[in-house]
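Working notes for the structure below.
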Amino acid sequence: MNTDVEFHIRQNYPWNKLPANVKQSLGNSQREYEKHVLLYSIRNQLRFRNNLVRHVRKDERKYYEELLKYSRDHLMLYPYHLSDIMVKGLRITPFSYYIGIMEDIMNSEKSYDSLPNFTAADCLRLLGIGRNQYIDLMNQCRSSKKFFRRKSARDLLPAKPVEISVEPWWVAQTGFITEDDIRICSPAEKKAIDKMIDSGPQLAGSMEYNVVLSLYNRGFIYLDVPISDDSCISVPPLEGFVMNRVQGDYFETLLYKIFVSIDEQTNVSELANVLEIDLGLVKNAVSMYCRLGFALKKGHMFSSDQLHPTWKSAPSVNRLKSTMDPQKMLLSWEQGSPVMEGGSSATDTDTTSLEDQADTGSVSSLSIPAAPTKRIAFLFDSTLTAFLMMGNLSPNLKSHAVTMFEVGKLSDETLDSFLAELEKVESTAEGEAQRYFDHALTLKNTILFLRYNKELTQDQGPDIPNIGFPLDMLRCESLLGLDQATCSRVLNKNYKLLVSMAPLSNEIRPISSCTPQHIGPAIPEVSSIWFKLYLYHVTGQGPPSLLLSKGSRLRKLPDIFQVYDRLLITSWGHDPGVVPTSNVLTMLNDALTHSAVLIQGHGMHGHGEMVHIPFPFNEEELKGEFSYSNMCMHKALQTLKEHVDLEHQCGYITMLNSNNRHRRRGSDGVDCRVVVVPLQGDTHLGGGLDNSGSTESFELVTEEKDGEGKGKTDVISSEDEWVPLELCFGMPLFSSELNRKVCRKIASHKLCSKESLQELLHSSRKLSLKVLSFVQSFQDGGQPADPESGVSGPLSQPAAESGVPLPALNLLFKDGELREWSGRAPPPLNISALQKDQPT
């Protein structure tokens, strides 16, 4: 549906008030507009009254029946905001609605994964049917078909809801109750119904707990979850969330947008303003979070004298409680151990339970100053959540990983329990699992460093207590679900500084932000293949590299790569992989049919040797001459410093030695670098390498000791053997040693000071303009390929999904120069002619 048409329907524009261009887009047909109005209203589960649909469809009951049928057919969440209509008017309770959905998918023999995430979570809450239960039901249903007494799907489904969690601040309202229903009620239930009929809706906590559950299970009442304009909520680690699939309907999209945007300090009204979304929709979404147990409403909603005595022993679920003494969770990043020092947020506790209020008191008794209004945001991608889920690292870590992926955020209030789980992760594992363990341990150190670190905020001013900044963790992909303006408003409202993990996956678009300042890729192009070529272009050094545009086709491997045993191949928008040269041609041509591809020389004798050099550089590292132990003095890095600000950013530069016959196998390194020694073995395209082009998925990160090993290496290491492979901005998580060095450099160079961040703002803008200008200079003036050359011409280039422009030309970096490559090899030298020209 046209966005202009949707806007005018949402604003209740009748046909005669529509602008001429909107009418024209509808073929000047009023009937067509009315069809759109009805479809939009049903898809968005709009109320009949006070909306445009009431002028289009006269029968209100029929409209709601169509809405309910559409929602059920498309497996949408029950429209709780229309409960007064659904329960009182149509007598369709959430339980009967989800029973109908389950019956439909069982009769169609669909898999459990066909249920969207939130719908599956609500089915689990009300019906008690999760993945395993559904598989069991389907097996029973299929086996019954083999016998004469066939059981229908409905016969196998539960007859009443399972016991749900009800909070005392929820509101009980009467549903559709007949005289026959009253006859089967107990005296206490009749009394409760009479009170609701006479006095109106009642707080659930003021009624007897068992009566509330009994009336709800029979469908005699329904429960509203009231959210006011000034309500604030917290999101604990998710329990009971089902990871199936994303549907993409209006309400699910809204739920995910609010998930990543909400915080405990922002009330619902402020959130609606920041997101520029209707306040009623935001309230519906927050109400749904609380109903499903994914969020907790903050503040004291209930006094003990209002609460019915039966509620004191009522069970409650999804309560975030600290498993450790909060005082012991005030960790120092240097020692990595508990220290008796103020400056960590108190563990979030639930305030709706009377027994939990004692916990809250004990936490608030700590002498922790009020937290600053703004925070640091640590940006990560889905690769990290996958590592935390896959490794079986600790018993309760998975719920935090699910929260990081689905909510897209771990707030500072939940980081204590997250750190407690990371503390349980062992430091050693076998095989590929070691990679997951390393990331978890390095992530723990990164959180401890960034969170409430006084070293980072020494210029706060005399009137502000220096306790450092709180830390939130945000998933890049979730932020990208917001439009750019909304994302910018959310980040500016809550955060003083953004810090990215390094490297971010090539499959996502990094967050671009001038304010708040960003220690990470300034723009998406800085995290793309283009930045590698820019790096080689300005330094005049790099491995032989050929960037082929999509649709090109190689007839033979170019001569510059013939001397290599291994090539580094990067498909556009994907992570790189090292492959053997012997069978690369077919794979390259397959990849070129669907994306541009960068080919780079990696190793002449097996894999190339790579070294990661952390920056900013210390003064001691910039003294003396180049050596293996002092690689910061490499002439390419000295040239790079003139073009890229390495003083106010942090990250690492990867240096490559392709002529790796003299492979060292040392341990324990020097200040300037971390040596990466690859294990033997090949990988396929796109597998085995991490996002940076480094090969930590199948390499051991080792360091070299001072002494004999260093001296021998210096003899065999020549500056010309080493070239820059790539530069990554941010905090590396794949190597604990490299991460520690970057953390020390951030603190010693005061990168988080106001002065440094101001310099970072200017230098990031300059770098962005330079890189964009560089990309543009190689996009113009494309020429047709030579038909006699070894490569056929590119197809027309569609716009890249990530927004980073695709290459329009084939580009070759060789002998310190980046130029267009036509595919034709240079003519062979005529030696006899040269001899004739020489004087005798």
Side-chain angles (χ1 to χ4, degrees), residues 1 3-4 6-12 40 43-47 51 76-77 79-81 116-118 225-235 238 246-292 294-298 373-375 377 379 403-413 472-496 498 508-509 511-516 518:
M1 190 182 295
T3 53
D4 287 338
E6 282 193 5
F7 171 80
H8 288 92
I9 294 173
R10 197 162 50 244
Q11 300 299 321
N12 285 331
Y40 178 85
R43 279 181 180 172
N44 291 272
Q45 297 178 329
L46 297 184
R47 192 173 284 275
N51 279 300
M76 293 170 68
L77 278 164
Y80 286 101
H81 60 289
N117 294 343
F118 286 101
V225 180
I227 300 294
S228 59
D229 290 7
D230 58 353
S231 294
C232 292
I233 68 165
S234 62
V235 181
L238 293 182
V246 176
Q247 161 117 323
D249 64 70
Y250 89 99
F251 198 52
E252 181 187 67
T253 305
L254 178 67
L255 287 169
Y256 277 115
K257 278 185 179 180
I258 294 176
F259 248 160
V260 75
S261 309
I262 204 158
D263 63 80
E264 298 190 19
Q265 289 73 42
T266 304
N267 65 37
V268 171
S269 177
E270 291 171 344
L271 183 65
N273 287 333
V274 170
L275 296 178
E276 294 186 351
I277 295 174
D278 179 69
L279 178 60
L281 285 175
V282 175
K283 285 182 178 179
N284 290 345
V286 172
S287 176
M288 181 62 74
Y289 295 145
C290 295
R291 187 185 295 274
L292 295 176
F294 298 156
L296 305 170
K297 191 175 178 183
K298 296 193 69 180
T373 53
K374 291 199 174 184
R375 306 181 172 201
L379 306 178
T403 307
M404 290 166 70
F405 184 81
E406 293 293 348
V407 176
K409 179 177 184 176
L410 270 188
S411 63
D412 184 79
E413 290 78 11
D472 285 356
M473 296 179 63
L474 302 177
R475 187 171 76 104
C476 289
E477 294 94 329
S478 298
L479 287 173
L480 295 172
L482 306 172
D483 64 77
Q484 199 165 352
T486 303
C487 181
S488 179
R489 287 194 300 273
V490 169
L491 293 176
N492 275 292
K493 179 185 181 299
N494 296 321
Y495 301 107
K496 178 181 177 62
L498 310 180
I508 65 161
R509 179 189 176 100
I511 301 301
S512 303
S513 174
C514 287
T515 54
H518 181 194

Original post:
Are any non-hydrogen side-chain atoms of H518 and L379 less than 4.5 angstrom apart?
Top reply: yes
Subject >> For the student: nearest non-hydrogen atoms of L279 and S269, plus distance >> reply: CD1-CA, 3.8 Å
Original post:
Going through the distances and angles, do R375 and E264 end up as a salt bridge (charged side-chain N to carboxylate O under 4.0 Å, His left out)?
Top reply: CA-CA 13 Å; R375 306 181 172 201; E264 298 190 19; over 6 Å; no
**OP:** Give, for atom CG of D263 and atom CG of N494, the distance between the pair rounded to the nearest 0.5 Å.
**Re:** 4.5 Å
Original post:
Any side-chain hydrogen bond (donor to acceptor under 3.5 Å, both in side chains) pairs touching residues 280-291, not counting sequence neighbours?
Top reply: D229-K283
Subject >> Audit row: I262, T266, side chain to side chain contact (heavy atoms under 4.5 Å, CB included) steps and yes/no >> reply: CA-CA 7 Å; I262 204 158; T266 304; 5.9 Å; no
**OP:** Taking atom CD of Q265 as the centre, report whether more than 12 heavy atoms of other residues, nucleotides or ligands fall under 6.0 Å from it.
**Re:** yes
**OP:** Give a yes or no answer on whether the side chain of D472 reaches the backbone of D412 with a donor-acceptor pair at less than 3.5 Å.
**Re:** yes
Original post:
H8: what forms a ring-ring contact (aromatic ring centres under 6.0 Å, His included) with it, not counting sequence neighbours?
Top reply: Y13
**OP:** Considering non-hydrogen atoms only, spot the tightest contact between P116 and E252 and give its length.
**Re:** CB-OE2, 3.9 Å
Subject >> D230-S228 side chain donor-acceptor pair, cut-off 3.5 Å >> reply: yes
Original post:
What's the shortest heavy-atom distance between G408 and S478, and which atoms?
Top reply: CA-OG, 3.3 Å
Original post:
Is a side-chain N or O of K297 found less than 3.5 angstrom from the main chain of I227, in a donor-acceptor match?
Top reply: no
Original post:
Are any non-hydrogen side-chain atoms of Y256 and E406 less than 4.5 angstrom apart?
Top reply: yes
Original post:
Can the ring centres of Y80 and F251 be said to be less than 6.0 Å apart?
Top reply: no
Subject >> By side chain to side chain contact (heavy atoms under 4.5 Å, CB included) - contacts of N44 (at least two apart) >> reply: Y40, L46, Y250
Subject >> Side-chain (H81) to main-chain (R47) donor-acceptor, under 3.5 angstrom >> reply: no
**OP:** From the options L482, L480, V235, select the one residue that forms a side-chain contact (heavy atoms from CB on, under 4.5 Å) with V260.
**Re:** L482
